[in-house]
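The structure appears below as structure tokens.
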Protein chains: 2
Amino acid sequence: MDIETFVERSFGEWRSQRSAHHLAFAHFEEVRSTINIEALTVDEPGVLELCQRYKVSPDEVVSPFKMSWEGESDWDEEQVIEGSTILVPVPDSATTGKLLREQGYAETMESAGTYCITDDGTFILTTAYERAAAEEKIWFATPDLRFRVSLIKTSSGKGVTTASFSSEVRRGVKS
Amino acid sequence: MDIETFVERSFGEWRSQRSAHHLAFAHFEEVRSTINIEALTVDEPGVLELCQRYKVSPDEVVSPFKMSWEGESDWDEEQVIEGSTILVPVPDSATTGKLLREQGYAETMESAGTYCITDDGTFILTTAYERAAAEEKIWFATPDLRFRVSLIKTSSGKGVTTASFSSEVRRGVKS
């Protein structure tokens, strides 16, 4: 599967259940959210800005998209978690490349991660931050069901502090 | 990685956090448990019994083992979940084969599943039951940290009813 196909299969509105395991304390966190993934054009200001920041020509960009979410955690039900980010794939082959992102997961800052898509269609993204590293695996069980495993690692990459698992069901589809 | 190596890396006592996502109702279930995985010899009565049941010669068996668990679910904290099962790999190549099991996950009956180990060291087990199918992926993030994603599917294999994710940290090791 190439990156265009992977991104295209991801478009739409998803109902997400996420469980985070905080490993040192064996704590659980549960988050329910709605995720929206939509196509952007390369000439969108946010896309061009990321290109400029990372010195990438807009010609190298494929399938930029916007992801937005709104949800709540069982740790603090009063607080609504919401946000959005722009993601910009910059392939160096059909199945590998860089992913520029306005705002990262582990730290609230922009990031440039490295992705690959394995033979069995799993998208794997690795991102190094200043004080941590993140690894994310996303795969489709069916066209309307995606899974996502995210690891937050120490910056050395040796220890895992948090592992989380999301089930994402396309909105309006019975699982 | 071959099946001997995979089984050997699994021996020991593990502290497990498992989150189950019941997809139709967007329900969460949390289970904390201790899992023990230990080697058996091929001449163990339980191993020979499974061989006989599935018409497999004990010569074909590699690295039989016993898995036992004890834990509690947040759905019913009074109830202690405990059990054990014998697992018998019957390879047909270094990375593929059958896995005989005294008792399955999706239904409380014995099972014979089919496994393969991918290039990146992920063990994938597929088991067909009478009214459901199960798919389990297990991989090591570090020698002391395993992850496991289990799907319970409808017997047609098209729908997923439950997805669960386990983080397993070797006992006595800080994650």
Side-chain angles (χ1 to χ4, degrees), chain A residues 14-34 71-74 116 118-122 124 133 135 137 139-154 156-171 173-175, chain B residues 14-34 71-74 116 118-122 124 133 135 137 139-154 156-171 173-175:
Chain A
W14 302 83
R15 189 195 70 196
S16 163
Q17 277 184 265
R18 185 162 74 90
S19 294
H21 296 174
H22 300 276
L23 298 178
F25 309 104
H27 275 182
F28 289 92
E29 182 183 1
E30 297 173 352
V31 179
R32 283 187 177 84
S33 60
T34 299
E72 54 178 45
S73 160
D74 68 329
C116 69
T118 64
D119 288 346
D120 67 353
T122 304
I124 304 178
E135 186 194 292
K137 289 188 188 192
W139 70 98
F140 288 85
T142 73
D144 300 317
L145 176 61
R146 316 198 313 172
F147 294 115
R148 178 197 295 257
V149 170
S150 310
L151 308 182
I152 308 292
K153 302 181 173 187
T154 54
S156 75
K158 282 188 187 151
V160 177
T161 56
T162 307
S164 70
F165 177 63
S166 303
S167 305
E168 301 174 349
V169 178
R170 196 180 290 281
R171 213 76 200 255
V173 170
K174 279 196 173 177
S175 61
Chain B
W14 302 83
R15 189 197 70 195
S16 164
Q17 277 183 266
R18 184 162 75 89
S19 294
H21 295 175
H22 301 276
L23 298 178
F25 309 103
H27 274 182
F28 289 91
E29 182 183 0
E30 297 174 351
V31 180
R32 284 187 176 83
S33 61
T34 298
E72 55 179 44
S73 161
D74 68 331
C116 69
T118 64
D119 289 345
D120 67 354
T122 304
I124 304 178
E135 185 193 292
K137 288 189 188 191
W139 70 97
F140 287 85
T142 73
D144 299 319
L145 175 62
R146 317 200 311 173
F147 294 115
R148 179 195 295 256
V149 169
S150 309
L151 308 183
I152 308 295
K153 301 181 174 187
T154 55
S156 74
K158 281 188 189 152
V160 176
T161 55
T162 306
S164 71
F165 176 63
S166 303
S167 304
E168 301 174 349
V169 178
R170 195 180 290 281
R171 212 77 201 254
V173 171
K174 279 197 174 176
S175 60

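No hydrogens, no waters, no symmetry mates; every other heavy atom, side chains included, goes into these values. Since the structure is predicted, the reported quantities are computational estimates derived from the model, not experimental observations. Numbered from 1 within each chain, the chains take letters A, B, ... in sequence-line order.
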Who pairs with A/E135 by salt bridge (charged side-chain N to carboxylate O under 4.0 Å, His left out), at least two apart in sequence or on another chain?
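A/K153.
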Within the side chain of A/Q17, is there an N or O that forms a donor-acceptor pair under 3.5 Å with the backbone of B/H27?
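Answer holds: yes.
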Region of A/S16 in contact with chain B, defined by heavy-atom distances below 4.5 Å:
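Neither part.
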Between CZ of A/F28 and CZ of B/R18, what distance do you get to the nearest 0.5 Å?
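The CZ atom of B/R18 is 9.5 Å from CZ of A/F28, to the nearest 0.5 Å.
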Roughly how far, to the nearest 0.5 Å, is the CZ atom of B/F165 from the OG atom of A/S164?
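Rounded to the nearest 0.5 Å, the OG-CZ separation comes to 7.0 Å.
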Looking at B/A163, B/A141, B/A26, which has the largest count of heavy-atom pairs under 4.5 Å with chain A?
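Going by pairs under 4.5 Å, I would pick B/A26.
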Measure across B/S19 and A/H21 and return the closest heavy-atom pair with its distance rounded to 0.1 Å.
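Smallest interatomic distance, heavy atoms only, reads OG-NE2, 2.8 Å.
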Any residue meeting side-chain contact (heavy atoms from CB on, under 4.5 Å) with B/T122, in chain and number order, not counting sequence neighbours:
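Only B/T118, B/D120, B/I124, B/K137, B/W139 meet the side-chain contact (heavy atoms from CB on, under 4.5 Å) criterion with B/T122.
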Does the pair B/V149 and A/F147 meet the rule for a side chain to side chain contact (heavy atoms under 4.5 Å, CB included), with working shown?
CA-CA 10 Å; B/V149 169; A/F147 294 115; 5.5 Å; no
